[in-house]
Number of protein chains: 2
Amino acid sequence: MTTDTAVLEGGLADRSAWSARDRCSISRAMQVVGTRSAMLLMREAFYGTRRFDDFASRVGITEAVAAKRLRELVEAGLLERRPYQEPGQRTRHEYLLTDMGRDLVPAALALMQWGDRYLSDDGGPLTLRHADCGGRIAVHVTCDRGHDVPLDQLAVEVNRPTRH
Amino acid sequence: MTTDTAVLEGGLADRSAWSARDRCSISRAMQVVGTRSAMLLMREAFYGTRRFDDFASRVGITEAVAAKRLRELVEAGLLERRPYQEPGQRTRHEYLLTDMGRDLVPAALALMQWGDRYLSDDGGPLTLRHADCGGRIAVHVTCDRGHDVPLDQLAVEVNRPTRH
DNA sequence: CCGTATCCTGATAGATACTG
DNA sequence: CAGTATCTATCAGGATACGG
């Protein structure tokens, strides 16, 4: 294990162990939700969209693209395709968030927060609040001892993969 | 203004105001860093990489792609291309994080955290710590009254654009 | 070192038309 | 409503070669 302190300041010394592209979790995450359509479909799922047509129209993509992405997201485990039946109707399918999909919310919110700040003239079209208390939502980087961690106090530890 | 409570539970009723794709901050953010190479170049910048060749080799992309993405990231305002000169050397350029680029860190960390959890067999190649106290880093969704907000307690408020 | 130029492949995604 | 099929344009990105 190697520990570097204040990465954003001094840089990361030992990179050999993880510069391998295929182990980087950001890289892997981007392979799954690294297209505009995939992330926006997840956004829709967060907002409660369940049906194919709604996904396509609300995201603003063609049915062909929606079908392909949804299939990939189901296969990757972010969504679950489940049959359901309304009384007197034929069987349909709905797309539901899995735990894996739900846990992507912080990443989506972090992107939204960043976009609201830097890519929008009026702070963005949505304000998120804590349903219980009405406080405004923000995404924070914290440590498990409860400190809010400024970006210049991030340290990186390299975990070498266990060999056999 | 319209407020919906517990979006992840009940769904979002009033979508007409923001379903316009071009105002969604997630969509805009994905236009800027929605490719694997762009996000990984930003990751490198977070880790202190400054030079063209290092960007290309550490991210594992060709120089052509690196050149194009870096140019776009500079143009979008996430990086700054600055000339510098070592004594006795000719002028070179380095790519430095701007505030806008630095503020993308939480989004990158959120993706990393998600990837560590769901796309890695061993928790991921890196552990991030708070340099001051050594505590493990995590990305949290909180409200400005200090509550940690569970994902099922997110409420959405739609801000209509001001007309004239 | 720091890129540019060219060529090529595959993925992303729009448009349109069609099926159960 | 929930897709599939086809056709097309644009973009992401690898390979290779070249220039300051």
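A/R51 has its CZ atom 7 Å from the P atom of D/dC1, to the nearest Å. Remark: P of D/dA12 and CD of B/Q31 are 10 Å apart, rounded to the nearest angstrom. Between the CZ atom of A/F55 and the P atom of D/dC1 there is a distance of 14 Å, given to the nearest Å. The separation between A/R82 atom CZ and D/dA2 atom P is 15 Å, rounded to whole Å. Here the P atom of nucleotide D/dG3 and the CD1 atom of A/I61 are 13 Å apart, to the nearest Å.
Comparing C/dC2 with D/dA17, their C1' atoms sit 15 Å apart, to the nearest whole Å.
A salt bridge does not link B/D152 to A/R102: none of the charged side-chain nitrogens sits closer than 4.0 Å to a carboxylate oxygen.
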Kindly indicate, with the supporting measurements, whether the criterion ring pair (Phe, Tyr, Trp, His ring centres under 6.0 Å) is fulfilled by A/H140 and B/H140.
-> CA-CA 5 Å; A/H140 281 283; B/H140 281 283; 9.4 Å; no

Do A/L154 and B/I137 pass the side chain to side chain contact (heavy atoms under 4.5 Å, CB included) test, and can you show the C-alpha distance, the side-chain angles, and the key distance before you say yes or no?
-> CA-CA 8 Å; A/L154 289 174; B/I137 294 291; 3.7 Å; yes

Could you walk me through whether A/T127 and B/N159 pass the side chain to side chain donor-acceptor pair (under 3.5 Å) test, one step at a time?
-> CA-CA 7 Å; A/T127 301; B/N159 311 318; 2.9 Å; yes

Trace of the side chain to side chain contact (heavy atoms under 4.5 Å, CB included) decision for A/T142 with A/H147 = CA-CA 6 Å; A/T142 60; A/H147 304 128; over 6 Å; no

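Between B/Y118 and A/D99, some side-chain heavy-atom pair lies under the 4.5 Å cut-off. Side-chain atoms of A/I26 and B/R36, non-hydrogen and from C-beta on, never get closer than 4.5 Å to each other. Residues B/D103 and A/L151 form a side-chain contact, since some pair of their non-hydrogen atoms from C-beta on lies under 4.5 Å apart. Between A/L119 and B/M100 the shortest side-chain heavy-atom distance falls below 4.5 Å.
Summary for the helix from C/dG3-D/dC18 to C/dG20-D/dC1: the axes at its two ends, each from 5 pairs, differ by 40° when rounded to the nearest 10 degrees.
A/Y47 and A/L96 end up in different hydrophobic clusters when Ile, Leu, Val, Met, Phe, Trp and Tyr side chains are linked at under 4.5 Å.
Within the structure, the salt bridge (Lys or Arg N to Asp or Glu O under 4.0 Å) test picks out the following pairs touching residues 73-82 of chain A (sequence neighbours left out): A/R82-A/E94.
Residues of residues 69-80 of chain B that place a heavy atom closer than 4.0 Å to DNA chain D, in numerical order, are B/R69.
At a threshold of 4.0 angstrom between heavy atoms, the contacts of B/A64 include nucleobase atoms, whether or not backbone atoms are also involved. The residue A/T62 sits close to a base: some heavy atom pair falls under 4.0 Å. If you check every strand for non-hydrogen atoms under 4.0 Å, B/Y95 touches sugar and phosphate atoms only.
In terms of phosphate contacts, B/K68 brings no side-chain nitrogen or oxygen within less than 4.0 Å of OP1 or OP2 of D/dG13.
For the pair B/D54 (side chain) and B/T49 (backbone), a donor-acceptor distance under 3.5 Å is absent.
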Just distance, no hydrogens or angles: give the donor-acceptor pairs under 3.5 Å from side chains in residues 62-70 of chain A, sequence neighbours left out.
from  : atom 1 : to    : atom 2 : distance (Å)
A/T62 : OG1    : A/V65 : N      : 3.4
A/R69 : NE     : A/T35 : OG1    : 3.4
A/R69 : NE     : A/S37 : OG     : 2.9
A/R69 : NH1    : A/E72 : OE1    : 2.9
A/R69 : NH1    : A/E72 : OE2    : 3.4

What are the atom names and distances for every N/O pair under 3.5 Å that joins the protein to nucleotides 17-20 of chain D?
from   : atom 1 : to    : atom 2 : distance (Å)
D/dG20 : N2     : B/R90 : NH2    : 3.0

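Protein chain B touches strand DNA chain C; the 5'-most and 3'-most nucleotides with an atom under 4.0 angstrom of its non-hydrogen atoms are C/dC1 to C/dA5.
Summary of the strand contacts: B/R81 and A/A38 both lie near DNA chain C, and taking for each the nucleotide with the nearest heavy atom, the more 5' one is attributed to B/R81.
With respect to B/M42, the side-chain contact (heavy atoms from CB on, under 4.5 Å) criterion is satisfied by exactly one of B/V105, B/L73, B/V32: B/L73.
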